[in-house]
Amino acid sequence: MPGSQPRPAGAAEAPYLELLSRGAPVEEYEQPLQRARADGAGPEELAALERGKLLALRVRTELEGRRRREAELSALFETAHDLAGLRDLDAVLQAIVQRARSLLGTECAYMTLNDPEAGDTYMRVTDGSVSARFQQLRLGMGEGLGGLVAQTARPYVTDSYFDDPRFEHTRTIDSGVRDEGLVAILGVPLMTGSSVIGVLFAADRRARVFERQQIALLASFAAHAAVAIDSANLLSETRSALAELETAHGVIGDRSAVIERASEVHDRLTELVLRGGGVRDVADAVAEVLSGAVEFTEAGASPDPVVERSRAAGRAVRHGDDWVAAVSAGGELFGALVLHGHPELDPVDQRTLERAAMVTSLLLIARRSAGEAEQRVRGELLDDLLDAPDRDPSLLRERAARLTADLDAPHVVLAARVESDGGPGEGAGGAAGDGAGGAAGGGAAAWQTADRQRLWSAASHLAATRHGLAAARDGGAVLLLPAGPEESAAETARQAAKQLGTAVRGTVTVGASAPVPAPVARPGAVATAYAEARRCLEALLLLGRAGQGATAEDFGFLGLLLADSRDVASFVRRTIGPVTDYDARRGTELVRTMEAYFACGMSPARTKDELHVHVNTVAQRLERVGRLLGAGWHSPSGALEVQLALRLHRLAGAIDG
């Protein structure tokens with residue numbers, strides 16, 4: 001619109017920050033653009049608003065993902081806590097179904113259990129159900145979606161149950177489902193060992209697509225439910241056994257001793273969890289109670305058949321004179337607890353080893369969560385250094401000290417980016433998949449997101465081991481690492497590219513800045529150094545040097561454009577310093593000869609006329625230059641840098657004169 005005033009700097013982000021602060025829905029993020037168009041904003045302002053919108057949406061997605069992951073982890077810990085203090089099986093199962101419904105955001109969740117005596121399956125727990133007929137439903141074995149889940153021991157999902165021909169539809173099932181009004185249904189098996197004892201469902205009264213993460217989450221709740229049922233059955237079996245053993249005083253004594261050991265290890269494991277014990281503490285406690293040697297072995301690159309057998313069975317398995325209990329959670333295998341030298345193990349002691357494996361998995365998950373929290377703290381501190389140069393240095397120094405980072409020492413800023421090696425629908429540059437629509441684009445975007453997540457995790461680990469900081473930024477990662485006295489910034493960049501590439505199993509390119517003397521004293525210098533590191537990164541990619549690390553100095557005269565310092569003297573010294581030093585020591589005229597040589601089109605015959613010397617003298621001088629600078633000094637690329645250095649040297653001399 002004529003006469004409209006340009007918006008001040010930062011105005012493009014302001015409306016989106018307000019939307020983020022109040023948790024506005026996605027559709028409201030279009031309103032600032034619409035208002036700007038209505039006000040006749042120019043192309044640059046609209047482009048800035050579009051960038052601000054995309055950035056805000058990414059931040060919103062990340063925040064929602066974090067909140068969801070925290071809620072899921074909290075629910076799983078609460079469920080594990082319920083199992084540890086199992087008193088009422090109905091209450092535990094009801095809590096599991098309620099949490100599953102809440103976290104998956106479905107209108108209904110329910111659980112069915114098999115009845116071996118009646119030969120059918122029945123509704124055990126429901127949440128969100130409004131139909132009495134549905135809540136009292138009994139189904140024949142193998143019928144409906146649940147029947148297919150029970151037969152295959154695999155999850156099944158349908159976005160429209162009545163239109164799905166995969167399931168055996170019966171009048172009883174269809175009537176109950178129709179009475180409840182369900183459309184989209186997800187079912188996962190309840191497993192004890194290799195047997196299916198029931199099915200856990202989440203359902204909606206409208207068509208929807210369940211994501212892979214939601215399926216895995218429901219499977220985790222199903223595993224906890226199966227453990228609760230199995231524990232209740234185990235308690236029932238133990239009580240029955242105690243009742244039968246009352247006739248034999250000796251057997252009662254033995255069984256009492258076993259139960260006492262189980263209680264002892266339960267108390268000790270509970271104490272370990274409460275005081276933040278580690279995996280080694282769990283192994284020592286179980287070893288003392290079971291009078292044997294217990295060790296934790298981490299999962300290797302190739303699966304151990306015995307550990308896989310234990311995980312598949314959900315039980316500790318015997319292997320020679322040892323017993324092995326897999327340590328796993330949510331489908332991820334961490335390793336195994338191995339009890340040595342016990343060829344015969346009492347069933348209750350076997351359960352003790354299995355419960356110790358479960359506690360170990362919870363401790364490992366907690367340790368991982370703590371590590372992820374530390375990564376976030378390191379990232380937040382680096383974000384403040386990059387985005388808020390007016391922060392109080394004393395507060396920054398205090399936060400850094402808690403992370404064992406010394407920001408008063410020189411640091412190097414690194415910008416890293418991972419290039420996908422053959423992701424679906426993605427080229428070497430990783431640009432595919434950023435557009436809208438298309439299955440290939442969605443697959444490429446997922447692949448690219450996974451690569452970036454692995455890069456951020458690897459960068460966070462490298463920063464923690466080097467007492468530095470790391471954060472995810474601009475589609476890659478940024479690191480702030482201490483500048484070692486014996487390692488240049490260029491060497492730091494190359495080592496980081498190698499280590500990060502090995503960790504993510506991909507091609508990682510790293511650009512580095514010149515060292516920042518004391519980041520905490522001048523936080524604004526970190527942002528400037530990061531811009532320089534990004535320019536080096538982009539230069540590496542444009543020059544086809546993906547997978548390498550470099551600083552501005554590594555690019556010759558291009559480094560003058562990439563670096564913020566514009567250190568002309570250093571460039572001249574790196575390029576022709578040996579020749580100028582030789583002239584200064586010997587009183588020769590090698591620099592003048594080089595200038596004449598280039599001015600005469602690199603012709604020795606014309607050069608000797610310009611200098612009024614014999615052609616052999618020119619040849620001898622040029623030979624000396626070659627020995628000082630190397631054989632490639634007059635190659636096309638070398639000659640360009642040498643001529644630029646000669647002109648800058650002459651200009652500096654004229655200024656000094």
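Small disclaimer: the values here were computed from a predicted structure and weren't measured.
For the side-chain contact (heavy atoms from CB on, under 4.5 Å) with L469, the qualifying choice from L479, L385, D383 is L385, the only one to do so.
In terms of heavy-atom proximity, V412 sits nearest to A512 at CG1-CB, 4.0 Å. For T507 against A546, the heavy-atom pair with the smallest separation is CG2-C, 3.8 Å. Smallest separation of non-hydrogen atoms from G335 and V307: O-CG1, 3.9 Å. A pairwise comparison of heavy atoms in P515 and A483 identifies CB-CB, 4.4 Å as the closest pair. Summarising the geometry of P519 relative to V526, their closest heavy-atom pair is CB-CG2, 3.8 Å, with the distance given to 0.1 Å. Closest non-hydrogen pair, L46 versus A41, comes out as CD1-O, 3.9 Å.
No side-chain heavy atom of L407 sits under 4.5 Å from any side-chain heavy atom of R397. The shortest distance between side-chain heavy atoms of V613 and Q620 does not fall below 4.5 Å. You'll find the side chain of T492 reaches within 4.5 Å of the side chain of R466, heavy atoms only. Counting heavy atoms from C-beta outward, D406 and H467 have side chains that stay 4.5 Å or more apart.
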From CA spacing to verdict: side-chain contact (heavy atoms from CB on, under 4.5 Å), E487, R494: CA-CA 11 Å; E487 183 179 76; R494 287 189 285 270; over 6 Å; no
Quick one: do L628 and L590 satisfy side-chain contact (heavy atoms from CB on, under 4.5 Å)? Show the steps, please. CA-CA 10 Å; L628 292 171; L590 297 184; 3.8 Å; yes
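Residues that satisfy the side chain to side chain contact (heavy atoms under 4.5 Å, CB included) test with H612, not counting sequence neighbours, are absent from this structure. For Y530, the side chain to side chain donor-acceptor pair (under 3.5 Å) partners two or more places apart in sequence, or in a different chain, are D474. For Q31, the side chain to side chain donor-acceptor pair (under 3.5 Å) criterion is met by no residue, not counting sequence neighbours. Applying the side chain to side chain donor-acceptor pair (under 3.5 Å) rule to R627 yields the partners E623; only residues at least two apart in sequence or on another chain are considered. Take T502 and apply the side chain to side chain donor-acceptor pair (under 3.5 Å) test, not counting sequence neighbours, and it matches no residue.
L500 contributes atom CG, which lies 5.5 Å from atom CG of L462 (distance to the nearest 0.5 angstrom).
By the 6.0 Å contact criterion, CD on E44 is open, its count of non-hydrogen atoms from other residues, nucleotides or ligands being 12 or less.
In this structure a side-chain-to-backbone donor-acceptor pair under 3.5 Å is present from S513 to V413.
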Enumerate donor-acceptor pairs with a distance under 3.5 Å from any side-chain N or O in residues 591-600 to protein atoms, sequence neighbours excluded.
unit_1, atom_1, unit_2, atom_2, d
R592, NH1, E589, OE1, 3.1
T593, OG1, E589, O, 2.7
T593, OG1, R621, NH1, 3.0
E595, OE1, R650, NH2, 2.3
E595, OE2, R650, NE, 3.2
E595, OE2, R650, NH2, 3.2

